[in-house]
Amino acid sequence: MGIGLTSWDYLWRVTALHRAEVVEGSDTDHLPPGYPDGVDASEVIGVTDGHGPLFHRQYRTSIRESRFSPDELFARLIENLNRAAPIKFARFQRVYGEGDTMQLGDEFVVRMPGPWDGPVRVIDLRPRSFRLATLAGHLEAGQIEFRVGQDDLLTFEIESWARSSGRFSNLLYHHVRMAKEIQLHMWISFLEGVVALSGGRMTGGIRIDTRRVENGYRT
């Protein structure tokens, strides 16, 4: 894996993972949402700026016996993303923005070992969700959204739409698969962190669905 930490964490991980990956022939149902009106898109790199296939990924888990309502859990999360982040491996550092909680237009750098640091901007912020766009210098080109929900149980989801930002990162992500597995480990750990933050128990493990769009986006 290139980083001993991820190898050991995979070896000892006890969370049940349910993974599915499908190759799609069309991007019709797998493009990211458009940028909201008035959003600052300067230095944003979108999927049309990237290289290689488009990956549409969804991570989802359910939480039983949470000590917080969906709104309360979301409020605690956006006060400090590092409450859920696997800080020994990845940490969110706010580099632009003020206040005690996340605001529209804030910018973060996700600090990780090696060449994986990722600058992002908050381009959408709603009562139970926020969406980040990648900025110049990120290894990916696209968007990622975090959502707290409620059906029979409290739920937490991460959904991303991304391509590699350049030919080198496409080699690492799609062919060598190193970056893909590092990213997978990070977001699985983030979901586990949200469950811990809730004070509840994960139910049913984590579902990871990947749709890889080969046609129309390969460069």
Side-chain angles (χ1 to χ4, degrees), residues 30-51 54-61 70 73-87 89-112 115-149 155-166 169 173 179-180 182-194 197 206 208-211:
H30 302 289
L31 293 175
Y35 301 142
D37 292 340
V39 71
D40 179 9
S42 60
E43 298 188 322
V44 167
I45 50 173
V47 293
T48 56
D49 302 310
H51 292 258
L54 168 68
F55 288 87
H56 179 197
R57 304 185 88 174
Q58 294 174 291
Y59 308 75
R60 188 179 192 275
T61 195
L73 178 60
F74 184 73
R76 287 176 60 81
L77 179 62
I78 64 172
E79 283 178 354
N80 184 354
L81 296 178
N82 290 316
R83 286 175 171 169
I87 58 175
F89 173 65
R91 176 183 293 272
F92 285 81
Q93 179 184 356
R94 185 159 66 168
V95 295
Y96 178 81
E98 299 178 350
D100 296 330
T101 191
M102 179 188 291
Q103 302 290 331
L104 193 65
D106 283 358
E107 294 182 8
F108 295 83
V109 175
V110 184
R111 301 291 187 189
M112 299 177 68
W116 315 112
D117 285 0
V120 294
R121 178 181 297 143
V122 182
I123 61 167
D124 196 20
L125 180 60
R126 305 190 183 200
R128 293 185 184 178
S129 71
F130 66 91
R131 183 157 35 107
L132 308 176
T134 55
L135 299 177
H138 203 292
L139 283 177
E140 290 188 307
Q143 301 179 41
I144 186 167
E145 183 168 287
F146 301 75
R147 296 188 290 266
V148 178
T155 62
F156 192 80
E157 296 178 300
I158 299 174
E159 184 170 9
S160 65
W161 306 261
R163 301 170 71 204
S164 299
S165 61
S169 57
Y173 189 91
K180 180 179 179 180
I182 289 174
Q183 180 195 70
L184 178 74
H185 168 72
M186 176 177 175
W187 297 131
I188 290 171
S189 298
F190 194 94
L191 263 71
E192 293 172 331
V194 170
L197 179 63
I206 295 175
I208 307 124
D209 290 306
T210 301
R211 298 294 183 266

Are V47 and P32 close enough that some pair of their side-chain heavy atoms sits under 4.5 Å apart? yes
When rounded to the nearest 0.5 Å, the distance separating OG1 of T134 from CD1 of I123 is 9.0 Å
Indicate the ring-plane relationship of F92 and F108, choosing parallel, tilted or perpendicular according to the 30° and 60° boundaries. perpendicular
Check whether any side-chain heavy atom of F55 lies under 4.5 Å from a side-chain heavy atom of S164, and answer yes or no. no
Does the side chain of D124 reach to within under 4.5 Å of the side chain of V39, using non-hydrogen atoms? no
I need the L184 CG to Y59 OH distance, nearest 0.5 Å. 5.0 Å
For H30 versus W161, what's the shortest heavy-atom pair and its separation? O-CD1, 3.3 Å
When rounded to the nearest 0.5 angstrom, what distance separates CD in E157 from CD1 in I206? 12.5 Å
Output, in order, the C-alpha distance, side-chain angles, deciding distance and verdict of side chain to side chain contact (heavy atoms under 4.5 Å, CB included) for L132 and V122. CA-CA 5 Å; L132 308 176; V122 182; 3.6 Å; yes
Separation between CD of Q143 and CG of L31, rounded to the nearest 0.5 Å: 10.0 Å
Name all residues meeting the side-chain contact (heavy atoms from CB on, under 4.5 Å) criterion together with A162; count only those two or more places apart in sequence or in a different chain, and write none if there are none. E140
Using the six-membered ring wherever Trp is involved, compare the ring planes of F156 and F146 and label them parallel, tilted or perpendicular (cut-offs 30° and 60°). tilted
CD1 (I158) and CE (M186) are apart, to the nearest 0.5 Å, by 8.5 Å
Look at the side chain of R83 and the backbone N and O of R76, then say whether any donor-acceptor pair between them is shorter than 3.5 Å. yes
For the residue pair F130 and I144, establish whether any side-chain heavy-atom pair is separated by less than 4.5 Å. no
Closest non-hydrogen contact found for Y96 with G105 is CD2-O, 3.5 Å
Do the side chains of V44 and Y35 get nearer than 4.5 Å, heavy atoms only? yes
Applying salt bridge (Lys or Arg N to Asp or Glu O under 4.0 Å), run through E159 and R147 and close with a yes or a no. CA-CA 8 Å; E159 184 170 9; R147 296 188 290 266; 2.9 Å; yes
Could you walk me through whether D106 and R121 satisfy the salt bridge (Lys or Arg N to Asp or Glu O under 4.0 Å) test, starting with their C-alpha distance in whole Å, then the side-chain angles of each, then the deciding distance to 0.1 Å, before giving a yes or no? CA-CA 6 Å; D106 283 358; R121 178 181 297 143; over 6 Å; no
For Q93, does the CD atom sit with more than 12 other heavy atoms under 6.0 Å from it, leaving out its own atoms? yes
Beyond-backbone contact of V194 with L73, side-chain heavy atoms, under 4.5 angstrom: yes
Can you see which heavy atom on T101 is nearest to which on R94, and at what distance? O-NH1, 3.4 Å
Under a 4.5 Å cut-off applied to non-hydrogen side-chain atoms, are V120 and E107 in contact? no
Among R131, R126, Q58, which residue meets the side chain to side chain donor-acceptor pair (under 3.5 Å) test with E145? R131
For G46 against A141, the heavy-atom pair lying closest together: O-CB, 3.3 Å
Heavy atoms of A90 and M112 approach each other most closely as CB-CG, 3.7 Å
Taken to the nearest 0.5 Å, the spacing of R57 CZ from S160 OG works out to 6.5 Å
Which atom of L135 lies closest to which atom of S42, heavy atoms considered: CD2-O, 4.2 Å
